[in-house]
Visitor: 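One structure, as structure tokens, below. Some questions next.
Since the model is a prediction, treat every value here as computed from it, not as a measurement. Along the sequence shown, the residues carry numbers beginning at 1. Just the heavy atoms: all of them, side chains too, but no hydrogens, waters or symmetry mates, feed the values below.
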Amino acid sequence: MNRVLLVLALSFATLPARAVGLEATLSDWGTAGLIQTPTARGLPDGTVTAGLTALGGLHRHVFAGAQLLPSLEVTLRDSSYPSWHGLSEPGVDAKLRLLREGPWWPALAVGGRDVTGGGLDLPGKGRFAGEYLVASRRWWDVDVSLGIGWGRLGDYGHIRNPLRFLGGRFKRDRDPAKASSRGPEAWFTGERAALFGGVEWHTPLDGLSVKLEYSADSFRAQQQDDPSFRPGLPLNAGLAYRPWNWLELGAGVEQGSRAMLRLAARFDPRDVADIRPRTPPPAVGARPASPDAALPAPDIAALARLHRLPACAALIDGDHATLWLDPAGAGTAPLAREVGRAARLLADGAPPEVEWLTVVTGSAGLDGTAVTLSRRAVERAAGKRGSPEEIWRTARVDRSAGPPPDWSAPLTLSVVPTVEASLFEQSAPLVQRTYGDAVLTGEPLRGLVLSGGLRLNVSHNLHLLDTNAIPAAEPVRSDLPRYADRIAAVERLYAAWLAAPSASWSTRLSVGHFEEMFGGMGAEALYRPLTARWALGLDLNRVWKRPPDDVLRLAPESGRNTGHASLYWEAPGAATTGVLRLGRYLGGDWGGTVELMRAFDGGIRLSAQITWTEGPEGAQSRYGGRLDQGIALTMPLNPGGSWPPDGRLGTAVRTLGRDAGQRLRQPLPLYDASVTAGYGRLTGSWPRLME
């Protein structure tokens, strides 16, 4: 039998095929897959999903997920199931693609359900946990998948576990009394594993696919809950239909008799980038005949602002013309395109003797880069006789061009409606909070930031949070419902001073109310060489709790210290950044946070984080919470841009109201302020310089 399976697998992997680039669809669990089983496929890079699956008489899955990297998919899920207590079980599912599909081999992926173990608040292995290795191969419009599963994905146990010897070694080496059920032996020491697989046919009707699968899930947990339960046939059939790019519908029959319905929304950052209005670039005419015919520097800065560039100052000195952009790269346009349009304006209006054009990019008074371009190269490229690559050959990039001659104090209004949801409560499948922030920020002096924000609370059901069952004596965020009950409150009111003592160092000092729950004072330092793809940061803060019944007071007895050391690593182009933080959290607990931050065209930002700490004293016994995790997406309210100048829509699925692993929500972190105008974003978008 094993030899037959091996021959079939080899044939499946090596037959030539023609892949047609069809997008994957979702499974019941919210991940890319068939119905109950996963595939080795992934969604388009950056795609965010959210939805609900109902399987008659058994499960309801509420899920939200994201294709965080081209090879990494993460889904946050809360699964309700029939029980005497009406409980639900949260979980985190992840899939990592190991191999792309090629001309003679399939795509290969490894993954797991409930990879954090029993959801957020239950240590150990959850009722839905399982691991798998799966391959997928496409022939024209037919996609075939075959995998091997452990745990819930391998209940039927068709074959002896091929990794049992490795598992046995782990089992011998570790004390069973101390071993965690989520260690390596949780994957490998089972005596049996099982095969699963299926096929998806993308029909000629656009957006419609038909699925058929064999699942090795015997619903063992349901049989334990109800001895009379019978799982039915291990065969499932269904349909997936996408009438629009943003919506996916699913229906099917599972176990031979149970109806399944699925509704999911999909957001692809490329869709917003494709519909974003494109404004024509400034024209570059012949050089002014004389210095008197040229534009003075203040007029060039004013003209740049009319072209929706964040111009703060301009200077003409001999054969050099300089324009300062601050904040640069924070809008919907790529940084290099902002630089290119600023260079066009300088080339068109500067006196005839100017041969070098410098565009300084910065944020919050900190310079990111000073890009000096040949005026002649810019003129040639604007006339379609040159290219960004040719401009780069004579370009020079420095950290700064010196202080601007004057400072046009900017005043910006940000409007940020936000929806936050938690899928990590055992008492409720979905807890949400909706609010809107209006933030006014001014910079009366370069480097001095003054900001105040008003929060309007719209709706919430935070009384369903698990943490409300046993209130904490010294809450960190478990008293969140008291803050959300207020109709309106001052969300932030602070002052910050940012400076660059040297070419590679930047610093920040802050004082005031940083967020709706905490205020105080803080300091941060960031070491970031100009061309490096890494940075080191350290922030230290002394903060006090802001009582919910007094918007401006700090409770003197609630002082606490918090701070982190951070390591940042950028992918080429700096559109993707990974962050590792180690330090002390607001509850006094020590631990670490791993973050992933993505930036897409159109001003879209996607981020995810997971935190592990031991928790404040007594927190594990009260709440069982050692993990804090979430996915967040922000996008411009109007990609074309008019008003508000910094309007954004925020959505997040994260743990709400926890006391363990809580970081201070600092409104102006140095790395976030500098990366948008930095060297990595500039070089990564350089081909778009002359758009």
Visitor: Going by side-chain contact (heavy atoms from CB on, under 4.5 Å), name the residues that satisfy it together with V594, two or more places apart in sequence or in a different chain.
Guide: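 Checked V594 against side-chain contact (heavy atoms from CB on, under 4.5 Å); matches are L580, I610.
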Visitor: Any side-chain donor paired with an acceptor under 3.5 Å for T361 and T369?
Guide: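 Checked: T361/T369 side chains pair up, N/O donor to acceptor below 3.5 Å.
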Visitor: Applying the side-chain contact (heavy atoms from CB on, under 4.5 Å) test to Y585, which of L664, T611, V476 qualifies?
Guide: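 The option that passes is T611.
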Visitor: When you check the side-chain N and O atoms of Y527 and S506, is any donor under 3.5 Å from an acceptor?
Guide: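 Short answer, no.
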Visitor: Check L450 against P444 and note the closest heavy-atom contact, atom names and distance.
Guide: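 Heavy atoms only, the tightest pair is CD1-CG, 4.0 Å.
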Visitor: I need the T576 OG1 to M597 CE distance, nearest 0.5 Å.
Guide: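 Output value for this atom pair is 10.0 Å.
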Visitor: A side-chain contact here means heavy atoms from C-beta on lying under 4.5 Å apart; do L554 and K545 qualify?
Guide: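 A side-chain contact under 4.5 Å is absent here.
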Visitor: Taking the side chain from Q67 and the backbone from L43, do they hold a donor-acceptor pair closer than 3.5 Å?
Guide: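 At least one qualifying donor-acceptor pair exists.
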Visitor: Which heavy-atom pair separates L346 from T358 by the least distance, and what is that distance?
Guide: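 That would be CD1-O, 3.8 Å.
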Visitor: With distance as the sole test, does S451 use its side chain to make a donor-acceptor pair with the main-chain N or O of T441 at under 3.5 Å?
Guide: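 No, S451 side chain to T441 backbone: no donor-acceptor pair under 3.5 Å.
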Visitor: Taking the side chain as every heavy atom from C-beta outward, state whether V92 and D114 have any atom pair closer than 4.5 Å.
Guide: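 Of all side-chain heavy-atom pairs linking D114 with V92, none is under 4.5 Å.
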Visitor: Could you check if a side-chain atom of D659 sits within less than 4.5 angstrom of a side-chain atom of S478, using non-hydrogen atoms only?
Guide: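 Yes, at least one pair of side-chain atoms sits under 4.5 Å.
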Visitor: Has the side chain of E338 got a donor or acceptor atom that lies under 3.5 Å from a matching backbone atom of A336?
Guide: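 Looks like no, no N/O pair under 3.5 Å.
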Visitor: When you compare the side chains of E491 and Y435, does any donor N or O come within less than 3.5 Å of an acceptor on the partner?
Guide: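 Checked: E491/Y435 side chains show no N/O donor-acceptor pair below 3.5 Å.
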Visitor: Tell me every residue that passes ring pair (Phe, Tyr, Trp, His ring centres under 6.0 Å) with W569, counting only those two or more places apart in sequence or in another chain.
Guide: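 Once residues adjacent in sequence are excluded, W569 has no partner under the ring pair (Phe, Tyr, Trp, His ring centres under 6.0 Å) criterion.
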Visitor: Rounded to the nearest 0.5 Å, what's the gap from CG on N561 to CG on N541? Could you check?
Guide: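 CG of N541 is found 9.0 Å from CG of N561.
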Visitor: Is the side chain of R648 donor-acceptor paired with the backbone N or O of T418 at a distance under 3.5 Å, no angle test?
Guide: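 No; zero donor-acceptor contacts below 3.5 Å.
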Visitor: Would you mind checking if E614 and R584 are paired as a salt bridge, meaning a charged N to carboxylate O distance below 4.0 Å?
Guide: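 Answer for the salt bridge query: no.
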Visitor: Could you list all the salt bridge (Lys or Arg N to Asp or Glu O under 4.0 Å) pairs where at least one residue sits in residues 391-409, not counting sequence neighbours?
Guide: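 Listed by first then second residue: R396-D398.
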Visitor: Evaluate whether atom CZ of R100 has more than 12 neighbouring non-hydrogen atoms of other residues, nucleotides or ligands under 6.0 angstrom away.
Guide: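 Result for CZ/R100: open.
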Visitor: Can you give me the closest heavy-atom contact between T372 and H320, atom names plus distance?
Guide: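 Where T372 meets H320 most closely, the heavy atoms are CG2-NE2, 4.5 Å.
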Visitor: Among residues at least two apart in sequence or on other chains, which ones pass salt bridge (charged side-chain N to carboxylate O under 4.0 Å, His left out) with R598?
Guide: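 D45.
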Visitor: List the steps and the verdict of side-chain contact (heavy atoms from CB on, under 4.5 Å) for E524 and T507.
Guide: CA-CA 6 Å; E524 183 181 7; T507 59; over 6 Å; no
Visitor: Is a side-chain N or O of H513 found less than 3.5 angstrom from the main chain of L552, in a donor-acceptor match?
Guide: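 Here the side-chain-to-backbone pair exists.
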Visitor: Do D367 and R446 sit within salt-bridge range, that is, some charged N less than 4.0 Å from a carboxylate O?
Guide: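 Yes.
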Visitor: Side-chain contact, heavy-atom cut-off 4.5 Å: T75 with K95?
Guide: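 A side-chain contact under 4.5 Å is absent here.
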Visitor: With the side chain counted from C-beta on, respond yes when I604 and P269 share a heavy-atom pair under 4.5 Å apart, and no when they do not.
Guide: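 I604 vs P269: side chains touch.
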Visitor: Any sub-3.5 Å donor-acceptor pair from Q629's side-chain atoms to R654's backbone N or O?
Guide: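 No: the side chain of Q629 does not pair with the backbone of R654.
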Visitor: Is the closest basic N to carboxylate O distance between R477 and E515 below 4.0 Å?
Guide: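 Here R477 pairs with E515 in a salt bridge, since their nearest N and O are under 4.0 Å apart.
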Visitor: Roughly how far, to the nearest 0.5 Å, is CG of D589 from CD of Q662?
Guide: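 It is 8.5 Å, given to the nearest 0.5 Å.
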Visitor: Using salt bridge (Lys or Arg N to Asp or Glu O under 4.0 Å), reason through D539 and R508 one step at a time and then give a plain yes or no.
Guide: CA-CA 9 Å; D539 69 281; R508 172 185 51 80; 5.8 Å; no
Visitor: Any chance you could measure S504, atom OG, to L536, atom CG, to the nearest 0.5 Å?
Guide: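 The CG atom of L536 is 11.0 Å from OG of S504, to the nearest 0.5 Å.
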Visitor: Looking at R455 and E516, is any side-chain nitrogen of the basic one under 4.0 Å from a carboxylate oxygen of the acidic one?
Guide: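 Looking at R455 together with E516, the answer is yes, because their closest N to O distance falls below 4.0 Å.
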Visitor: Run L606 and F600 through side-chain contact (heavy atoms from CB on, under 4.5 Å) and show every step you take.
Guide: CA-CA 8 Å; L606 175 65; F600 299 93; 4.0 Å; yes
Visitor: Taking all non-hydrogen atoms of both residues, which atom of V653 and which atom of L76 are closest, and how far apart?
Guide: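 Reported closest heavy-atom pair: O-CD1, 3.6 Å.
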Visitor: Without swapping roles, check the side chain of W505 against the backbone of A499 for a donor-acceptor pair under 3.5 Å.
Guide: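 No, the answer is negative, given that no donor and acceptor are paired below the 3.5 Å cut-off.
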Visitor: Do W407 and C312 come close enough that some side-chain heavy atom pair is under 4.5 Å?
Guide: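 Of all side-chain heavy-atom pairs linking C312 with W407, at least one is under 4.5 Å.
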Visitor: Grab the two heavy atoms, one from S363 and one from A673, that are nearest each other, plus how far apart they are.
Guide: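 Reported closest heavy-atom pair: CB-O, 2.8 Å.
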Visitor: How many angstroms lie between CG in L582 and NE2 in H564, if you round to the nearest 0.5 Å?
Guide: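 Going from CG on L582 over to NE2 on H564, the span is 8.0 Å.
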Visitor: Is L357 close to V378 at the side-chain level, that is, under 4.5 Å between some pair of heavy atoms?
Guide: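 In short, these two side chains touch, coming nearer than 4.5 Å.
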Visitor: Could you work out, with salt bridge (charged side-chain N to carboxylate O under 4.0 Å, His left out) as the rule, every residue matching R97, not counting sequence neighbours?
Guide: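 R97 satisfies salt bridge (charged side-chain N to carboxylate O under 4.0 Å, His left out) with no other residue.
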Visitor: Could you walk me through whether L335 and T676 pass side-chain contact (heavy atoms from CB on, under 4.5 Å), step by step?
Guide: CA-CA 7 Å; L335 178 60; T676 57; over 6 Å; no
Visitor: Which distance, rounded to the nearest 0.5 Å, do you find between the CZ of R581 and the CG of L567?
Guide: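 Rounded to the nearest 0.5 Å, the CZ-CG separation comes out at 10.5 Å.
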Visitor: State whether the side chain of T655 and the backbone N or O of D628 hold a donor-acceptor pair below 3.5 Å, judged by distance alone.
Guide: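 Such a contact is absent between T655 side chain and D628 backbone.
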Visitor: Please confirm whether R77 makes a cation-pi placement over F63, using NZ or CZ under 6.0 Å from the six-membered ring centre and within 45° of the ring normal.
Guide: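 Cation-pi check for R77 and F63: fails.
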Visitor: Do L586 and F518 have side chains that get closer than 4.5 Å, going by heavy atoms?
Guide: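 A side-chain contact exists here, since the closest heavy-atom pair is under 4.5 Å.
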Visitor: Could you walk me through whether T577 and Y671 satisfy the side-chain contact (heavy atoms from CB on, under 4.5 Å) test, starting with their C-alpha distance in whole Å, then the side-chain angles of each, then the deciding distance to 0.1 Å, before giving a yes or no?
Guide: CA-CA 10 Å; T577 302; Y671 182 83; 3.0 Å; yes
Visitor: Any idea which heavy atoms bring G684 and P687 closest together, and the distance?
Guide: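 Nearest pair, atom of G684 first, then P687: O-CD, 4.2 Å.
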Visitor: For W686, which residues count as a ring pair (Phe, Tyr, Trp, His ring centres under 6.0 Å) partner, sequence neighbours excluded?
Guide: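 For W686 the ring pair (Phe, Tyr, Trp, His ring centres under 6.0 Å) partners, ignoring immediate neighbours, are W392.
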Visitor: Do you know which of R681, R533, R528 makes side-chain hydrogen bond (donor to acceptor under 3.5 Å, both in side chains) with E570?
Guide: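 Checked R681, R533, R528 against E570; only one passes side-chain hydrogen bond (donor to acceptor under 3.5 Å, both in side chains): R528.
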Visitor: Output yes when D601 and R688 qualify as a salt bridge under the 4.0 Å nitrogen-oxygen rule, no when they do not.
Guide: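 The answer is yes: the pair qualifies as a salt bridge.
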